[in-house]
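We name chains A, B, ... by the order of the sequence lines, and we start the count at 1 in each one.
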Amino acid sequence: MSEQRYVSHAIRKLDAGALLSGKPVYTDDLAPASCLVIKLLRSPHAHALIESIRTEAARRVPGIEAIFTYEDVPDKRFTEAGQTFPEPSPDDRLILDRRVRFVGDPVAIVAGEDEKCVDRALKLIKVDYEVLEPVLDFTRALDHPVLIHPEDSYVAKPGIGTDQYRNLCASNLRGKGHVDEVLAQCAYKVEETYHTKAVNQTMMEPFTTYCTMDIYGRIKVVSSTQIPFHVRRIVARALDIPKSSVRVVKPRIGGGFGAKQTSVSEIYPAFVTYKTGKPSKIVFSREECFIHGSPRHEMQIDVRIGAAEDGKIRVIDVHTLSNTGAFGEHGPTTVDLTGTKTISLYRDLDAYRFQSEVVYTNTVSAGAYRGYGATQGMFAVESAVNELAHKMGMDPALIREMNIVRQGDLFSDYHGQRATACTLDQCISRVKELIGWEEKYPFVKTGPHTVRAVGMALSMQGSGIENIDVGTVQLKLNDDGFYTMMIGCSDMGTGCDTILTQMAADCLGCEMDRIIVRGVDTDQSPYDSGSYASSTTYVTGGAVVRACDSIKRRICQEAAALMELPPDQVDFDGNLIIDRHDPDHFMELSDLVNALQAGFGRIIEVTESNTSPVSPPPFMCGACEIEVDLETGKIRPLYYAAVVDCGTVINTNLARVQTEGGIVQGIGMALYEDIRYSPKGKLKNRNLLTYKIPSRLDAGSVHVEFAPSYEPTGPFGAKSIGEVVINTPGPAIADAVYNATGLRFRELPITAEKVYAGLKEIKGAEDADITGTHALRQG
Amino acid sequence: MLISFIINGKQAKREIAPDTILLDLLRSMGMKSVKCGCDTGNCGLCTVWLDGSPVLSCSVPAARLEGHTVTTLEGLQEEAAAFSRCLADEGADQCGFCSPGLIINVLALEREIEDPDVNQIKEYLSGNLCRCTGYQSQLRAMMKYFGKSQE
Ligand code: FES
Ligand code: FES
């Protein structure tokens with residue numbers, strides 16, 4: 001790790017050329033033209049039992065190859081969540097089930113030679129349902145008389161507090177000290193309830209998979225997935241076939257953001273190809289990505305937070321109710337982050353408590369979405385901290401500066417871990433400078449009915465999952481001294497192929513183009529838990545460093561033998577293996593490989609794994625400036641300032657773009673992206689017209705800087721970046737709206753309509769009393 | 001029905017069903033740069049040129065091609081190279097799925113508006129959604145490409 005030619009530089013992505021010239025590199029681009037086209041017949045009811053399905057007429061449509069119903073699938077429950085063994089999500093689904101649990105739940109799989117015949121066949125399938133009462137309100141799901149998973153074949157996992165007979169997917173309780181007592185002693189407290197919805201990742205490439213059968217009768221699954229190794233396991237279990245019969249290949253991915261950490265689309269073509277022996281594919285429509293995706297868990301979070309007279313935060317109590325929808329994917333794990341990542345931002349608490357229930361409802365099954373529970377938790381707790389500051393008449397930046405976790409601290413609720421690398425204090429002070437906090441807080445009037453205001457929030461996440469996530473890297477030395485680097489983590493656009501190559505090139509002292517990086521094929525790649533939980537840079541990056549160290553040792557060993565020297569008497573500089581005692585005595589790497597390939601020694605190949613006992617959090621501070629039109633309620637995001645501590649920044653371009661992208665997704669969740677259901681449980685937002693993600697006119701401008709720390713356990717001192725960046729916009733914008741209008745929103749999104757309605761209400765009240773905040777701003 | 005048209009500079013004839021959508025026809029002809037990101041004309045991923053002007057190929061019947069010229073990114077490789085380099089230098093190609101539609105629309109903008117300012121750029125491209133980048137790096141790339149200094 002001598003001098004860094006690549007790490008901490010703005011290196012282009014290795015795949016930039018292919019991506020930017022429109023090469024066929026994504027799943028559907030690669031699917032053979034002979035693939036059967038698969039579509040799913042979906043339930044129109046939120047909760048029903050299938051009484052009968054008649055498929056005869058549909059089967060007679062020319063071109064139809066196969067139609068499957070619940071009667072045709074294995075009776076072994078599984079989960080589509082892709083996390084490391086032992087997967088905590090309950091095994092609660094079948095490929096097709098007699099009981100349908102949400103509007104859109106698949107009822108039949110139809111495969112035919114083209115879309116047209118499949119569409120015709122779908123219309124000809126006749127289903128009789130016994131319609132059941134649905135459970136739609138997640139605040140009433142626990143102990144509801146209607147059970148969503150009464151089946152005997154349901155498999156709960158140990159230690160996560162499941163009770164299928166209470167509609168309870170998971171529950172938890174932990175803490176320290178006497179929360180109620182400490183709260184009672186606090187001079188200031190906030191006790192409020194916050195609500196976030198099941199927002200959709202809306203990655204631009206929909207869920208897409210195709211499958212073929214190879215000459216040995218094995219199923220090859222080519223899929224847009226973040227978790228190839230878990231897909232192998234999930235498909236094998238769902239089809240009830242050995243894992244050795246499944247091979248998963250990941251091409252380029254058009255975005256994931258967690259959506260593709262659930263195996264949403266893979267089982268259907270896998271089943272069709274398994275049954276028919278023919279290639280098949282499924283490409284979800286955008287509507288299907290909404291009604292049958294894997295959105296964020298909707299959560300209702302009760303926060304109680306208390307501070308002493310001087311502003312010292314003494315206690316945080318978080319109680320989260322999470323809606324996992326019809327199935328339990330990622331239910332037990334997402335909810336936990338609403339506590340760990342929020343409470344741990346604040347130091348020296350006298351007491352804290354975290355309590356959670358995750359419930360089933362007859363809505364779309366939730367999954368993983370960037371931020372993974374931390375996003376929901378941060379909206380609640382950071383909003384509560386802002387509210388606390390307002391109650392005390394204290395600057396929200398100041399209350400944070402007084403109370404945040406500092407380098408060396410033991411985290412308040414983070415599995416006994418310490419903040420080994422933390423520049424959160426610098427993040428706050430730099431953000432204040434960037435946005436002009438002192439001048440602009442809380443608001444500035446800019447026109448007869450416009451106000452500009454600022455708001456702030458903090459965020460932390462993890463870097464992989466400690467003691468669980470595994471990254472493995474295999475390095476081979478080839479002719480002329482180039483390397484092949486096999487990795488098992490999925491580059492989903494995030495650039496991990498590039499980042500890991502940068503690290504390897506600096507470790508090996510060679511040019512990046514001497515390293516060929518190979519993406520995931522489960523038949524060939526070394527095992528990796530996958531790309532989620534912000535793990536690739538930190539966990540797999542650590543494996544890269546190890547593999548490079550170990551291949552350098554092997555190179556010295558083999559070369560020393562040929563040079564007739566003891567192995568510790570040679571040095572390797574990337575090109576030459578040199579005698580330490582005689583610089584003129586050296587061997588070129590290419591000569592070494594050529595000699596080895598002629599039988600003089602052993603071929604050089606190493607494999608190294610990495611698991612970390614800790615998950616060092618990246619931190620950030622974000623502040624936004626918005627403009628609110630007090631007549632229409634319209635909120636315009638103008639400027640977002642963000643300073644991130646992700647340890648060492650490995651690729652300055654890619655880290656910056658990740659941050660900007662995460663912030664704009666967060667702005668979408670804060671202001672635009674709404675999820676609503678009809679009274680009968682039909683999702684209303686099912687396309688990009690009704691589910692509005694930010695366009696380039698809605699995002700404002702985003703300014704990102706880094707406040708690097710050095711994480712001793714990370715590769716080159718790096719931590720993670722992927723998720724921490726989505727968490728601040730919700731609470732920061734909510735507080736800016738409060739500063740602009742005096743209206744406190746505890747539910748996202750904060751739409752113009754809601755602000756308008758709120759302003760009207762205040763105005764009504766203030767026509768009687770002219771001293772209120774609204775009058776002040778109307779000034 | 002049989003239609004004849006020019007695609008990326010080459011004469012072509014195709015037998016199509018009357019309800020074929022241009023997007024599907026183009027992909028079936030191997031123009032895989034044309035992506036589908038929605039079914040409602042909202043994402044811009046499927047943008048191609050019809051007689052030199054940008055259209056959303058998901059919303060155009062293939063029959064309209066009869067006697068016309070269609071251009072996809074495959075046919076604009078040279079013209080696109082310089083802007084693509086600007087995107088790559090900013091890391092603005094995160095997943096890249098939105099890139100072909102964006103690039104082809106930026107080239108259309110360049111032909112249509114001389115010396116566009118920031119607002120014209122944003123306005124013109126507002127229909128090109130990107131979920132990865134938050135648009136900032138794309139804007140930096142465009143400013144560079146159009147020879148503008150960053151404010
Ligand atoms: S596919 Fe979205 S606009 Fe055409
Ligand atoms: S780069 Fe992924 S959608 Fe734009």
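Here the side chains of B:Arg85 and A:Arg12 are in contact, with some heavy-atom distance below 4.5 Å. Side-chain atoms of A:Asn687 and B:Asp39, non-hydrogen and from C-beta on, never get closer than 4.5 Å to each other. Side-chain contact between A:Lys692 and B:Asn42 is absent, with no heavy-atom pair separated by less than 4.5 Å. In this structure the side chain of A:Glu660 reaches within 4.5 angstrom of the side chain of B:Ser137, judged on heavy atoms. A:Pro694 places a side-chain heavy atom less than 4.5 Å from the side chain of B:Arg131. You'll find the side chain of B:Gln136 reaches within 4.5 Å of the side chain of A:Ser701, heavy atoms only.
Looking only at distances, a side-chain donor or acceptor of A:Asn653 sits under 3.5 Å from a matching main-chain atom of B:Asp89. Of the possible donor and acceptor atoms, none in the side chain of B:Tyr135 sits under 3.5 Å from a partner among the backbone N and O of A:Ala699. Side-chain atoms of A:Arg696 come within 3.5 Å of backbone atoms of B:Asn128 as a donor-acceptor pair (strictly under, hydrogens ignored).
The CG atom of A:Leu688 lies 6.5 Å from the SG atom of B:Cys43; values are rounded to the nearest 0.5 Å. For the atom pair OG of B:Ser33 and NZ of A:Lys23, the computed distance is 9.5 Å after rounding to the nearest 0.5 Å. Atoms CG and CD1, on B:Leu129 and A:Ile693 in that order, are 4.5 Å from each other to the nearest 0.5 Å.
When the ring-ring contact (aromatic ring centres under 6.0 Å, His included) test is applied to A:Phe284, the partners found at least two apart in sequence or on another chain are A:Phe207, A:His292.
For a residue to count as touching a neighbouring chain, one of its non-hydrogen atoms must lie under 4.5 Å from one of that chain's; by this rule B:Arg27 touches chain A with the side chain only. If you measure heavy-atom distances from B:Gln94 to chain A, the contacts under 4.5 Å come from both the backbone and the side chain. Both the backbone and the side chain of B:Leu125 come within less than 4.5 Å of a heavy atom of chain A. Of the atoms belonging to B:Lys122, heavy atoms from both backbone and side chain fall under 4.5 Å from chain A. Only the side chain of B:Gln77 has a heavy atom closer than 4.5 Å to any heavy atom of chain A. Using a 4.5 Å cut-off between heavy atoms, B:Leu102 contacts chain A through its side chain alone, with no backbone atom that close. There is no contact between B:Ala80 and chain A, counting heavy-atom distances below 4.5 Å. Contacts of B:Gln138 with chain A are made by side-chain atoms alone, with heavy-atom separations under 4.5 Å and no backbone atom involved. For a residue to count as touching a neighbouring chain, one of its non-hydrogen atoms must lie under 4.5 Å from one of that chain's; by this rule A:Glu115 does not touch chain B.
Across B:Phe97 and A:Tyr26, no two heavy atoms sit closer than the pair N-OH, 3.2 Å.
Salt bridge status for A:Asp28 with B:Lys35: absent, with no side-chain N to carboxylate O gap under 4.0 Å.
Among residues 662-670 of chain A, the residues having any heavy atom closer than 4.5 Å to a heavy atom of chain B are, in sequence order, A:Val664, A:Gln665.
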